[in-house]
Amino acid sequence: MNVQPFPSLFSPIDIGKLALRNRIVSTGHETHLNDGGRIGDAMIAYHEARARGGAGLIVTEVALVHSSAVFVANPIRVDTDDCIPGYRRLAQTVHGHDCGLIAQLFHPGREMLASEDGTAPVSYSASAVPNERFHVMPRPMRREMIAEVVSAHGDAALRMREAGLDGVEIVGSHGYLPAQFLNRHVNQRSDEYGGSLENRTRFIREIAADIRAKAGEDFVIGLRLSGDERSHEGVAQPDMLDACELLAGDESLTYFSVVAGSSATVAGSVHIVPPMTEESGYTAPLGQAVKARTGVTTMVTGRINQPQDAERIIAAGHADLCGMTRAMICDPELGEKARTGRADDIRACIGCNQACIGHFHAGYPISCIQNPVSGRETFLGRTEPARTRRKVMVVGGGPGGMKCAAVASARGHDVTLFEREVRLGGQARLAQALPHRAEFGGIITNLVREMELAGAETCTGIAVDAKVIAEFAPDTIVVATGAEPRWPEFEGRNDAHVVDAWQVLRNEANVGKSVVVADWRADWIGIGIAEHLAQRGHQVKLAVNGYMPGQTIQMYVRDASIGRLQSLGVEMVPYVRLFGVDENTVYLQHIMNDEPVICEDVDTLVLCQGHISRNTMEDLVRDLGIEHRLVGDCVSPRTAEEAVLEGLLAGRAV
């Protein structure tokens, strides 16, 4: 008899009248997959993949209840009946996989990120208190507007009920409008909505009551909140627990969904989508406290990326359900794999934030660097078997080559991957050596497992040349040979002590006490090398060819890193390019006015100057006249995201 390895996670649970098959939740998150502000084929396909893959409950992303709530271009709106058909299609699809469906109802208040036409919108809040992150000064809401927004929540909930959804979730987390009324620092009102805790919770209680009156007693009403906003003048845990206890007393709410952080500050915003610097399941104590204080069904979200973590949290009674959102962006089949004893086959999220929240902030549909199918389900959701079995040689064992080998082999080809190093992984092996980046190595583990499951062969420690190609006799070759550190020309590079980032991480360089890190790419490498050296006692100056360190990487990863650099005493110098070096001086040039910026008493210059493609294998296969495809950095040096996507496409094309 098979024993369920995660008995708590896969035990059924009732949330009010809603019966769920398990405790796995895909919580509300921005996808940028809406169709002109409505739910269309792309979003339905995206959520269906998670429902089919084993989620017990899906919570759709924020939908605006009122015209004053527009905070980005082209948002989903539920303030008219036009939204009903799309939600109805989604509900029918998700319910067809025995999965619950709940919609988030949203008003950002003063947390305005953008607008529909580029002009700065009028924002509204409890009081005229600005936020720190977006520098927005809101207009205080008059009583009649409060009543209008309260009623808009109830009207939206009624539309969701008509569409066939199981419930709605009021978004009171991350410093959004309901939280602004709760926050004694933001809410400075002297009327019945300000002052005492009872008054400051009135807005939320009226919203919940209006939804209950309009949508009925059997409709699920959740409240998402930050158990601790972790922000300057944010709502701290003691105040939030007091508020939760009071809110639970009205008995309108069916569940609490507990997260951490706030949109109002840069430090708090890191917890909206916490990067790999945060411990797995670190928000569980916040959920545990809410559950203990209120006795209300509680879900918790925050870096829960493996079923083992979720099982531990639920078994300990810290929460009733676990949000595993990024985990299912990375592997939509997580639930089914865990349920059927295939936990080792799960493609674990590594918390890099690059293609999930990173895509949203850049204005693109959601995806995942490890799973390019995420967000592309409508056109990449199905892999066709190979019509003719071919002998495929993949040269290069980085993420791009590994993904290609896995996909091509799964389609039925005879695939062998050749890697000149003794270990697979390429630059990902170096990335995991940087501070707080060890989890990035998970991409190697996951891709190795994908290749094993697909039946791809690997040959490591072999440098491919014309002889190896002739002996193997492939029908086609996929070149994924990557890139190597770029050493630009500059004065004194052959005379001073100059090393590159790879040499530092491989312990191939004797780095001196005083160091300048010359960072051209403004990505995670320069930040990581600076932190790596500062932790080891070096005096570090990070010189960035950009307006800030980490300019090109996702903001939560960047901001958390900059905070650590400041604490370590790293001097950060933006807007400079490398000009030259001598035995104890590094010469920089300001990129705006070309004026010199001189760094004296320097022992070592560390180059983080990007990469150049390795093209010798491409040249060889071209000369040999062999059919071939190029993948990843050997095409153009970029990131693991592009390498894995191109590996997938190449694996489908051979």
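Scope of the values below: all heavy atoms of this structure, side chains included, with no hydrogens, waters or symmetry mates.
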Quick check, are the ring centers of [X] and [Y] under 6.0 angstrom apart?
| X | Y | value |
| --- | --- | --- |
| H153 | F106 | no |
| H361 | Y556 | yes |
| H47 | Y87 | no |

So, [X] side chain and [Y] main chain: donor-acceptor pair closer than 3.5 Å or not?
| X | Y | result |
| --- | --- | --- |
| E229 | A236 | no |
| S263 | E111 | no |
| H97 | C99 | no |
| R224 | S257 | no |
| N371 | D331 | no |
| E311 | S8 | yes |
| N187 | R200 | no |
| N199 | Y193 | no |
| E641 | Q370 | no |
| E169 | Q104 | no |

Assess, by modelled atom type and distance only, whether the side chains of [X] and [Y] contain a donor and an acceptor separated by less than 3.5 Å.
| X | Y | result |
| --- | --- | --- |
| H66 | E148 | yes |
| E61 | T31 | yes |
| Q180 | S125 | yes |
| S561 | R564 | yes |
| Y282 | H271 | yes |
| K17 | T254 | no |
| Q554 | N353 | yes |

Charged N-O contact under 4.0 Å between [X] and [Y]:
| X | Y | result |
| --- | --- | --- |
| E245 | R293 | yes |
| D41 | R89 | yes |
| R159 | E162 | no |
| R303 | E439 | yes |
| E333 | R50 | no |
| D250 | R212 | no |
| D309 | R312 | yes |

Spacing of [atom1] belonging to [X] relative to [atom2] belonging to [Y], to within rounding of 0.5 Å:
| X | Y | atom1 | atom2 | answer |
| --- | --- | --- | --- | --- |
| F134 | R110 | CZ | CZ | 11.0 Å |
| I314 | H318 | CD1 | NE2 | 11.5 Å |
| T325 | M328 | OG1 | CE | 6.0 Å |
| T297 | L18 | OG1 | CG | 10.5 Å |
| L33 | S374 | CG | OG | 9.5 Å |
| C322 | N305 | SG | CG | 11.5 Å |

Could you check whether atom [atom1] of [X] has more than 12 heavy atoms from other residues, nucleotides or ligands sitting under 6.0 Å from it?
| X | atom1 | answer |
| --- | --- | --- |
| E144 | CD | yes |
| H185 | NE2 | yes |
| Q4 | CD | yes |
| E192 | CD | yes |

Closest heavy-atom contact between [X] and [Y]?
| X | Y | answer |
| --- | --- | --- |
| F71 | P108 | CB-CG, 3.7 Å |
| H107 | S68 | NE2-OG, 2.8 Å |
| V296 | D320 | O-OD2, 4.1 Å |
| L286 | V259 | CD1-O, 3.7 Å |

Legend entry - Worked check of side chain to side chain contact (heavy atoms under 4.5 Å, CB included) between R189 and I146: CA-CA 13 Å; R189 303 177 73 96; I146 292 175; 3.6 Å; yes

Legend entry - Candidate pair R23 and S11, rule side chain to side chain donor-acceptor pair (under 3.5 Å), full reasoning: CA-CA 7 Å; R23 314 297 182 96; S11 60; 3.0 Å; yes

Legend entry - Parallel, tilted or perpendicular: ring planes of Y176 versus H174, cut at 30 and 60 degrees: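 Rings of Y176 and H174: perpendicular, as their planes differ by over 60°.
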
Legend entry - Member of R376, H359, H32 meeting the side-chain hydrogen bond (donor to acceptor under 3.5 Å, both in side chains) criterion with S367: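 For S367, the side-chain hydrogen bond (donor to acceptor under 3.5 Å, both in side chains) test succeeds with only one of R376, H359, H32, which is R376.
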
